[in-house]
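Below, each value reflects all heavy atoms present in this structure, side chains not excepted, and no hydrogens, waters or symmetry copies. Note on naming: letters A, B, ... go to the chains in the order of the sequence lines (proteins, then strands), and numbering restarts at 1 for each one.
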Amino acid sequence: MSKEYSPKDIEKKWQDIWDKEEAFKVGVDKTKPKYYALVEFPYPSGQGLHVGHPRPYTAMDIVSRKRRMQGYNVLFPMGWDAFGLPTENYAIKNKIHPKIVTKNNVEHFKNQLKALGYSFDWTKEVNTTDENYYKWTQWIFLQLFKKGLAYKSEMPINFCTSCKVGLANEEVVNGVCERCGSEVIRKMQSQWMLKITDYADKLIEGLDHVDYIEKVKVSQKNWIGRSEGAEVEFRIKDKDETLLIYTTRPDTLFGATYMVISPEHPLIEKYKAEIGNYDEIAAYREQASKKSDFERTELAKDKTGVCINGISAINPVNNKEIPVWVSDYVLMSYGTGAIMAVPAHDTRDWDFAKKFGLPIIEVVAGGDVQNEAFTDVATGKLCNSDFLNGMEVKDAKEAVTKWLEEKGIGHRKVNFKLRDWVFSRQRYWGEPIPIVKCPCCGYVPLDERELPLRLPEVESYMPTDTGESPLAAMRDWVETTCPKCGGKAERETDTMPQWAGSSWYFLRYIDPDNDKEFASKEALEYWMPVDWYNGGMEHTTLHLLYSRFWHKFLYDQNLVPCDEPYRKRTSHGMILGENGEKMSKSRGNVVNPDDVVDEFGADTLRTYEMFIGAFDLSAAWSMEGVKGCRRFLDRVWKLQDMMTEGDGYRSEIETKIHQTIKKVSNDFEGLKFNTAIAAMMALVNDFYKANSITKDEYATLILLLNPVAPHMTEELWEMYFGNGRAYQQKWPEYDEAKTVESTVEIAVQINGKVKATLMVGLDEDEASVKEKAHVIPVIAELTAGKNIVKEIYVKGRILNIVAKN
RNA sequence: GCCGGUGUGGCGGAAUGGCAGACGCAGCAGACUCAAAAUCUGCCGGGGGCAACCUCGUGCCGGUUCAAGUCCGGCCACCGGCACCA
């Protein structure tokens, strides 16, 4: 009898061996095909590894290990996205430098990851908070600045009235501060912005050339929100003034019965003197600006507004005079901040018109516009629209746009929902922005040779009362000289957002110790693009979009060899608590991976997380399920007691083995780890039924299972096969011809219902199969005296006899 | 409101339009044991029948097809994201 399977004895042993042998260290090797597998690097929080982390890591570890066995040179790196708020908050609370907090957390995380046996190349480890790393983050920022893609702008920020700090959008939950629950107001502040909107079209277009799961593509496209329409000028009556609007429905121009401008629209101030009810409008604007995000969403349905007295506009298509209103449902930040309102064919305009008794004119026939806005553009023809009458919406849109362009009162225009990226944070624990503000020269970049611009030691990490970064209090750091004129100047005190470091980390992995460039050309040429990147859906419109933007910019500067960074992108589902709810301390349903490893072993945790369900869907944790996976590994372990003297695959199980190799190989690539493991379980069950396994059969099983349960399979390999390590072996191959049985059981149906089964040769001809089927007593009986209308034979699967009375 | 996803046994979940429920969990029975646990073996959707079998069954209603969990049309429920984007 073999000794008992004891993960505790085995797992540490192999982790140490892999370390010592530098088993997964890679370099540029042009004799082999390269494969770059990437998982999102974690934020090293104080809580340590969550049971959700191992799911994507194990998945990509499996792919990496399999690819190595298939002869690829695989880069599978790991690092730390370590700047960020929780660390800073922890530092404030406990008066420990964030650097120390980060160091401790990273150490803890790394130990946990090592205990799970991942085949990361730890020589490529990066940490976004290392000077030698953020030096290059700053360097890329300077390139963006030099190309005019980084600029400073007055922007409203989210300001917590209680904490007195600026908050990122993600930190505002339902209009209140995520940390203290106090009201969040908008406050104007000068912010660094990145012009991601310049890349809006490229970011959409690039999606056509990459293999991302559809969900991700759709989300990114929706987020960028491209729309095609026209800008149209409306004359203001009795003034040498026009009001420019944006519309996606120029075809409905004849239905515009009033106009609406946003409360912040400059027109109001410009004609202050002529507006009869200026005070009323100013009061409305004041009220609108005070609305918190929470109120804005809550009150979204209830339209408010004020008509501007003394100002009216002329609809350019029919010269009709129409009123101009002010309402906060028109946003200054989109389009031109002014719209033409077509209540018959836009639900928001319809709501507004109904509330204020404005006329509703139908211009696309097909609905009942007095009762409901008719917004269907697919059906319906134009009416009440002069030269557009009778046209389809699409044709009318084109015709009227041409007409506007000819008359010089309008033109085609593409708009995006995507806004420029607010890149400033009034925080300590982030990359300092390498810019100096000089009273003579304006914003001046640091000389690249000055990088990295290090974070200074500060007394307090607390943001100041004014909402400035704690760096602002460091006068001796702030006060500097202008790199351009040498005069007195001040450093920028805002830092970069957490998304900065993660926007290019996959490039640094390639050549992490390079002090001349962020990575060498040669290494970039060899490794890029990332072949497969797996990460969370929650990063689709943030990290994933930001990093594509940076990468496209670097490509345009000739600094990287390809325009899209990731060839393939997949996403994993969340791991929920046993009760099906999101794991959280307050719900008391958190599972600690360390405990699972301790009780069952890392291989069991890995197997379970892959077996738990479809990889892209969320799945609830089950301790009973974990036990089942441990049982499976125990059964594989104990197969050693059933080993027979013979080698090769025995004929009675050969087909099953070839089928299993095929299924496991394909399922690993298709992220169907649960069915791959199920197939191996089924094979193991067969060995138990036979109560025997040959050496070669065992070897194949061990290698197939190696990517999932690397420690146990290495141990077994060493015990029985010895020749090198399991991870160094060739991935098992299957013979397509041997994956099919020569005789198969088919179902014989009558009128679609199974009545019997029949063994036939796979290549047996149809006539012979039919003949055999009709001899079956049940079939003969049921078809007796009936008219056989037709018989359908699907090779090796089914014979359906359609019989009628 | 818009976009996306998911609905299959007691549970997690399998099924290129071709025998629904693979594999696992739980449960039941047997073997081993003084006994229990562990392990091994077998059974395991509902209803009916002594039985061989019959019959119903993949959220709901309809359709296409020799054949539908799968395709089409119309709903419902739950989960996630976005949200006055003209």
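Residues N415(A) and S227(A) bring no donor and acceptor atom of their side chains to less than 3.5 Å of each other. Side chain to side chain, E609(A) and H572(A) fail the donor-acceptor criterion of an N or O pair below 3.5 Å.
Picking from C56(B), C3(B), A86(B) the nucleotide with the shortest atom distance to the side chain of Y334(A) gives A86(B). Proximity note for K638(A) (side chain, C-beta onward) versus A26(B), C84(B), C40(B): the nearest is C40(B).
Remark: RNA chain B forms stems of 3 or more consecutive Watson-Crick or G-U wobble pairs, all pair distances under 3.5 Å, at B:1-7 with B:76-82, B:10-12 with B:23-25, B:27-31 with B:39-43, B:45-48 with B:53-56, B:59-63 with B:71-75.
In this structure, G335(A) reaches neither bases nor backbone, as no heavy-atom distance under 4.0 Å exists between it and the strands shown. At a threshold of 4.0 angstrom between heavy atoms, the contacts of S227(A) are confined to the sugar-phosphate backbone, with no base atom among them. Within the 4.0 angstrom heavy-atom criterion, no nucleotide atom of any strand lies near K627(A). Here K215(A) lies in heavy-atom contact (under 4.0 Å) with sugar-phosphate atoms only. Nucleic acid contact class of V330(A) (heavy atoms, under 4.0 Å, all strands): base. Counting any heavy atom pair closer than 4.0 Å across all strands shown, T247(A) reaches sugar-phosphate atoms only and no base atom.
Residue order along RNA chain B, read from the 5' end via each residue's closest nucleotide, puts N751(A) first among R249(A) and N751(A). Sequence order on RNA chain B of the closest nucleotides to M340(A) and M681(A) puts M681(A) first from the 5' end.
Going from the P atom of A29(B) to that of C78(B) covers 40 Å, rounded to whole Å. Taking atom P in both G13(B) and C28(B), the straight-line distance is 24 Å, to the nearest Å. For C76(B) and C60(B), the P atoms lie 15 Å apart once the distance is rounded to whole Å. Comparing A22(B) with G12(B), their C1' atoms sit 13 Å apart, to the nearest whole Å. Nucleotides G42(B) and C50(B) are separated by 29 Å at their P atoms, to the nearest Å. Across C43(B) and G10(B), the matching C1' atoms stand 16 Å from one another, rounded to whole Å. Between A14(B) and G63(B), the distance separating the two C1' atoms is 28 Å to the nearest Å. The same atom, P, is picked in G7(B) and in C71(B); the two are 12 Å apart, to the nearest Å.
Between W421(A) and Y546(A), the two ring planes are parallel [angle under 30°; tilted spans 30° to 60°]. The aromatic rings of F673(A) and F668(A) sit tilted relative to each other, their planes meeting at an angle between 30° and 60°.
Ion pair R630(A)/D603(A) not flagged as a salt bridge, since none of the NZ, NE, NH1 or NH2 atoms sits closer than 4.0 Å to an Asp/Glu carboxylate oxygen.
Contact of the I801(A) side chain with the H774(A) side chain is registered, since non-hydrogen atoms from C-beta on lie closer than 4.5 Å. Side-chain contact between Y688(A) and L639(A) is present, with heavy atoms from C-beta onward closer than 4.5 Å.
Taking atom CD of E214(A) as the reference point, atom P of U6(B) lies 13 Å away to the nearest angstrom. Atom CD of E4(A) is separated from atom C1' of A38(B) by 9 Å (rounded to the nearest Å). The separation between M680(A) atom CE and G24(B) atom C1' is 14 Å, rounded to whole Å. Taking atom CG on L331(A) and atom P on A83(B), their separation rounds to 11 Å, with Å as the unit. To the nearest angstrom, P of A86(B) lies 9 Å from CG of D346(A). Here G4(B) presents its P atom at 12 Å from NZ of K221(A), a figure rounded to the nearest Å. Rounded to whole Å, atom C1' of A86(B) lies 14 Å from atom CG of D328(A). Across the protein-nucleic acid pair, D641(A) atom CG and U39(B) atom P stand 15 Å apart, rounded to whole Å.
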Determine whether E398(A) and R412(A) satisfy the following criterion, salt bridge (charged side-chain N to carboxylate O under 4.0 Å, His left out), listing intermediate values before the conclusion.
CA-CA 10 Å; E398(A) 182 56 30; R412(A) 275 159 230 278; 3.3 Å; yes

For side chain to side chain contact (heavy atoms under 4.5 Å, CB included), just list the numbers for L683(A) and I657(A), CA-CA rounded to whole Å, side-chain angles, deciding distance to a tenth of an Å, and then say yes or no.
CA-CA 7 Å; L683(A) 183 63; I657(A) 292 174; 4.0 Å; yes

Could you check E40(A) against R569(A) for salt bridge (charged side-chain N to carboxylate O under 4.0 Å, His left out), going step by step and ending with a plain yes or no?
CA-CA 11 Å; E40(A) 286 174 344; R569(A) 168 78 180 189; 2.9 Å; yes

Can you check each nucleotide of nucleotides 41-49 of chain B against protein heavy atoms at under 4.0 Å and return B for base, S for sugar-phosphate only, - for none, in 5' to 3' order?
SS-------

Going 5' to 3' through nucleotides 8-21 of chain B, assign each nucleotide B (protein heavy atom under 4.0 Å from a base atom), S (under 4.0 Å only from sugar-phosphate atoms) or - (no protein heavy atom that close).
----BSSSB-BB--

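Geometrically, K303(A) engages Y329(A) in a cation-pi contact, judged by NZ or CZ lying under 6.0 Å from the ring centre and within 45° of the ring axis.
Proximity of K790(A) to the phosphate of C66(B): a side-chain N or O atom is located under 4.0 Å from OP1 or OP2. Phosphate contact (OP1/OP2 of A86(B), side-chain N/O of Y246(A), threshold under 4.0 Å): absent.
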Listing, residues 745-757 of chain A side-chain donor-acceptor contacts under 3.5 Å, not counting sequence neighbours, or none:
from: N751(A); atom 1: OD1; to: A803(A); atom 2: N; distance (Å): 2.9
from: N751(A); atom 1: ND2; to: A803(A); atom 2: O; distance (Å): 3.2

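Checked against side chain to side chain donor-acceptor pair (under 3.5 Å), N787(A) has no partners two or more places apart in sequence or in another chain. In this view, A200(A) and I224(A), F416(A), L418(A) satisfy the side chain to side chain contact (heavy atoms under 4.5 Å, CB included) rule, not counting sequence neighbours.
Annotated as anti: G63(B), whose glycosidic dihedral deviates from 0 by more than 90°.
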